[in-house]
Amino acid sequence: MEKRLLSYMVGTLTLVGATGCGHAPEKELPMNVIYILADDLGYGDLGCYGQRIIRTPNLDRMAEEGMRFTQHYAGCSVSAPSRCSLMTGLHTGHSCIRGNKEVFPEGQMSMPEGTYTLGTLMKSVGYVTGLFGKWGLGAPDSASVPNKMGFDEFYGYNCQRQAHSYYPDHLWHNGERVLFPENRHNVHKTYSPDLIQAQALDFIRGYKNRPFFVMLTYTLPHAELNLPHDSIYRIYENMFEETPYIGKFDYLRGGGYNTSKKPLASYAAMVSRLDRYVGQLLDELRRLGLDERTLVIFTSDNGPHHEGGADPDVFHSYGPFRGIKRDLYEGGIRVPMLAWCPGWVKAGKTTDHVSAFWDVMPTLAELVGTTLPVATDGVSFLPTLLSKKEQPEHDYLYWEFHEEGGKEALRVGDWKLIRQPMVGRTRMELYNLKEDEHEDNNLASERPELVKAMAARIDSVRVPSPYFDFGREAR
């Protein structure tokens, strides 16, 4: 296995920097990388993570043919800071974007000009780079758009607020605004995820003879809960017929769906449509003969949402954990992650290695054989992907969340401390995740010295931000 990896990495720093007509022998090409990021998909929304209602056969197959991570964490419990953590290799105590901060009429707070990103990393060693889906890390006229942050090709939403609509009046192709006048006035004709999927597949086909790095940042299954209605009918037939949950959805076999229950059906259909997109991608890699030299990683940007009529309680979208999006309990930040590359990632493997979004940058740097010019908070999980024993571990994991009064969390080993403001005081919650993964038994009063030590650690690992602070002086 290691020999095969080395054969793919031979010439990474020379061959991929050439003008690249694809004449080099295939065995000398480095590993392609596709990173798939779902939006608000919960840990428990996939069959391979225990989902009983929604069927996800392609992602389940990806788990069977690859590796399933059980302790992988998002960068934050909402979109922009989570994606910034992923892009920069920094946790939210060090990253530049630590909350959802809007820019009008379109976009979110920008990363500083020249920020070193995953795109910068992969482009620096000769990869052609593309991002398809949602950006949310800088307004269209800023220095922080995908094409200025290391990505050769971009197609999708610049603004995560506008990405709430699946039938938008425009998307962006690089710096060009692509208009869809047929979608105005609440008319639903052009469904954006289908366009984004098609652009991504075309990019892969076009660069099949060159090493590529693709980020597929799907908007599914984020609210609004909306998609072509024929998909909902198909999902009903596929999903509920053999389950005991039919009554919850008031399914009428001859009459489609009851509109009062549509959000539940829509959420399920969106997860299954996402699964279908992943299946199309894996099938295309096989058809192109790229499957054995393309590492595909699938994950989600945070926990499941409770918006637009979605109900994570019905689907147990949070899996065995407590909490949803905007929580720093496990359900808000622990996310599914699958890694797939037949013949390289061992099939059917499950790992409990503790990892997080800020580990992706050092992992890819080690994969392509380069040294990062910037510091990160990450630990490469490449040894885990290779099923090697010498996997370094984190000393700690840290998160902060800048809504609802502000919250912070620290994990050290199996211990986790959550610090959040209450009326007139600060609440400390201490959990042993090994014994209490649902975070029901707050041990703070029983372990005051541990709480004190972990709270001091929280203060030491965070650098103050001029844009995001908690007003600690008032605590």
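These numbers were taken from a predicted model, which means no experiment stands behind them.
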Practice problem: Would you check if there is a donor-acceptor pair between the side chains of Asp45 and Ser317 at a distance under 3.5 Å? | Solution: yes

Practice problem: Decide yes or no for Arg457 and Asp395: does some side-chain heavy atom of the first lie under 4.5 Å from some side-chain heavy atom of the second? | Solution: yes

Practice problem: Would you check if the distance from the ring center of Phe203 to the ring center of Tyr155 is below 6.0 Å? | Solution: no

Practice problem: I would like to know whether Cys76 and Arg98 meet side-chain contact (heavy atoms from CB on, under 4.5 Å); could you show each step before the answer? | Solution: CA-CA 8 Å; Cys76 191; Arg98 308 184 188 185; over 6 Å; no

Practice problem: Decide whether Trp172 and Gln162 meet the rule of one side-chain donor and one side-chain acceptor closer than 3.5 Å. | Solution: no

Quiz item: With distance as the sole test, does Thr299 use its side chain to make a donor-acceptor pair with the main-chain N or O of Pro336 at under 3.5 Å?
Solution: yes

Quiz item: Under 3.5 Å, side chain of Asp352 to main-chain N/O of Thr70, donor-acceptor pair present?
Solution: no

Practice problem: In plain terms, say whether Arg68 and Asp60 are close enough for a salt bridge, that is, a side-chain N and a carboxylate O under 4.0 Å apart. | Solution: no

Practice problem: Using modelled atom types only, decide if a donor and an acceptor are shared between the side chain of Arg411 and the backbone of Leu397 within a distance under 3.5 Å. | Solution: no

Quiz item: Is the shortest heavy-atom distance from the side chain of Phe381 to the side chain of Thr351 under 4.5 Å?
Solution: no

Quiz item: How about Glu106 and His170: does a side-chain donor come under 3.5 Å of a side-chain acceptor?
Solution: yes

Practice problem: Look at Arg83 together with Asp39 and state whether they make a salt bridge at an N to O cut-off of under 4.0 Å. | Solution: yes

Quiz prompt | Proximity of Tyr267 and His305 rings by center, below 6.0 Å | solution = yes

Quiz prompt | Derivation of the side-chain contact (heavy atoms from CB on, under 4.5 Å) call for Val33 and Val214 | solution = CA-CA 6 Å; Val33 179; Val214 171; over 6 Å; no

Quiz item: Under 3.5 Å, is there a donor-acceptor pair between the side chain of Ser110 and the main chain of Pro112?
Solution: no

Quiz item: Would you find a donor on one side and an acceptor on the other, under 3.5 Å apart, between the side chain of Thr56 and the backbone of Gly47?
Solution: yes

Practice problem: Before giving the answer on side-chain contact (heavy atoms from CB on, under 4.5 Å), spell out for Ile34 and Asn32 the whole-Å C-alpha distance, their side-chain angles and the decisive distance to 0.1 Å. | Solution: CA-CA 7 Å; Ile34 299 176; Asn32 301 313; 5.7 Å; no

Quiz item: Ignoring hydrogens and geometry, is there a side-chain-to-backbone donor-acceptor pair from Ser272 to Arg55 under 3.5 Å?
Solution: yes

Practice problem: Assign the ring pair Trp399 / Tyr73 to parallel, tilted or perpendicular, where the plane angle (0 to 90°) is split at 30° and 60°. | Solution: tilted

Practice problem: Examine distances only and state if a side-chain atom of His306 and a backbone atom of Ala310 form a donor-acceptor pair shorter than 3.5 Å. | Solution: yes

Exercise. Output, in order, the C-alpha distance, side-chain angles, deciding distance and verdict of side-chain contact (heavy atoms from CB on, under 4.5 Å) for Leu281 and Ile204.
Key: CA-CA 9 Å; Leu281 173 67; Ile204 291 167; 3.5 Å; yes

Quiz item: Under 3.5 Å, is there a donor-acceptor pair between the side chain of Asp301 and the main chain of Ser79?
Solution: no

Self-check item: Any donor-acceptor N or O pair under 3.5 Å, side chains Asp414, Asn432
Solution: no

Quiz item: Does the distance from a Lys or Arg side-chain N to an Asp or Glu carboxylate O, for Arg419 and Asp459, drop under 4.0 Å?
Solution: yes

Quiz item: Any chance the side chains of Gln420 and Glu404 put a donor and an acceptor closer than 3.5 Å?
Solution: no

Self-check item: Between Glu224 and Tyr166: side-chain donor-acceptor atoms closer than 3.5 Å
Solution: no

Practice problem: State whether Asp283 and Arg61 are salt-bridged, where the test is any N-O pair (Lys NZ or Arg NE/NH1/NH2 against Asp/Glu carboxylate O) under 4.0 Å. | Solution: yes

Practice problem: Would you list the pairs meeting ring pair (Phe, Tyr, Trp, His ring centres under 6.0 Å) in which at least one residue belongs to residues 414-446, sequence neighbours left out? | Solution: none

Practice problem: Check whether NZ of the Lys or CZ of the Arg Lys407 lies under 6.0 Å from the centre of the six-membered ring of Tyr329 and within 45 degrees of that ring's axis. | Solution: no

Exercise. Describe, in one word, how the ring planes of Trp358 and His394 are oriented to each other, choosing from parallel (under 30°), tilted (30 to 60°) and perpendicular (over 60°).
Key: perpendicular

Quiz item: If you measure only the distance, is there a donor-acceptor pair under 3.5 Å linking the side chains of Gln197 and Arg273?
Solution: no

Quiz prompt | Pair Gln108-Glu102, side-chain donor/acceptor within less than 3.5 Å | solution = yes

Quiz item: Within the distance-only criterion (no hydrogens, no angle test), does the side chain of Asn183 pair as donor or acceptor with the backbone N or O of Lys189 below 3.5 angstrom?
Solution: yes

Quiz item: Going by the angle between their ring planes, with limits at 30° and 60°, are Tyr167 and Tyr191 parallel, tilted or perpendicular?
Solution: tilted

Quiz item: Just wondering, do Pro320 and Tyr43 contact through their side chains at under 4.5 Å, heavy atoms?
Solution: yes

Quiz item: Is the backbone N or O of Gly348 less than 3.5 Å from a side-chain atom of Glu64, with the two atoms forming a donor-acceptor pair by type?
Solution: no

Quiz item: In terms of side-chain heavy atoms, does Ser85 have a donor or acceptor partner in Ser82 at a distance below 3.5 Å?
Solution: no

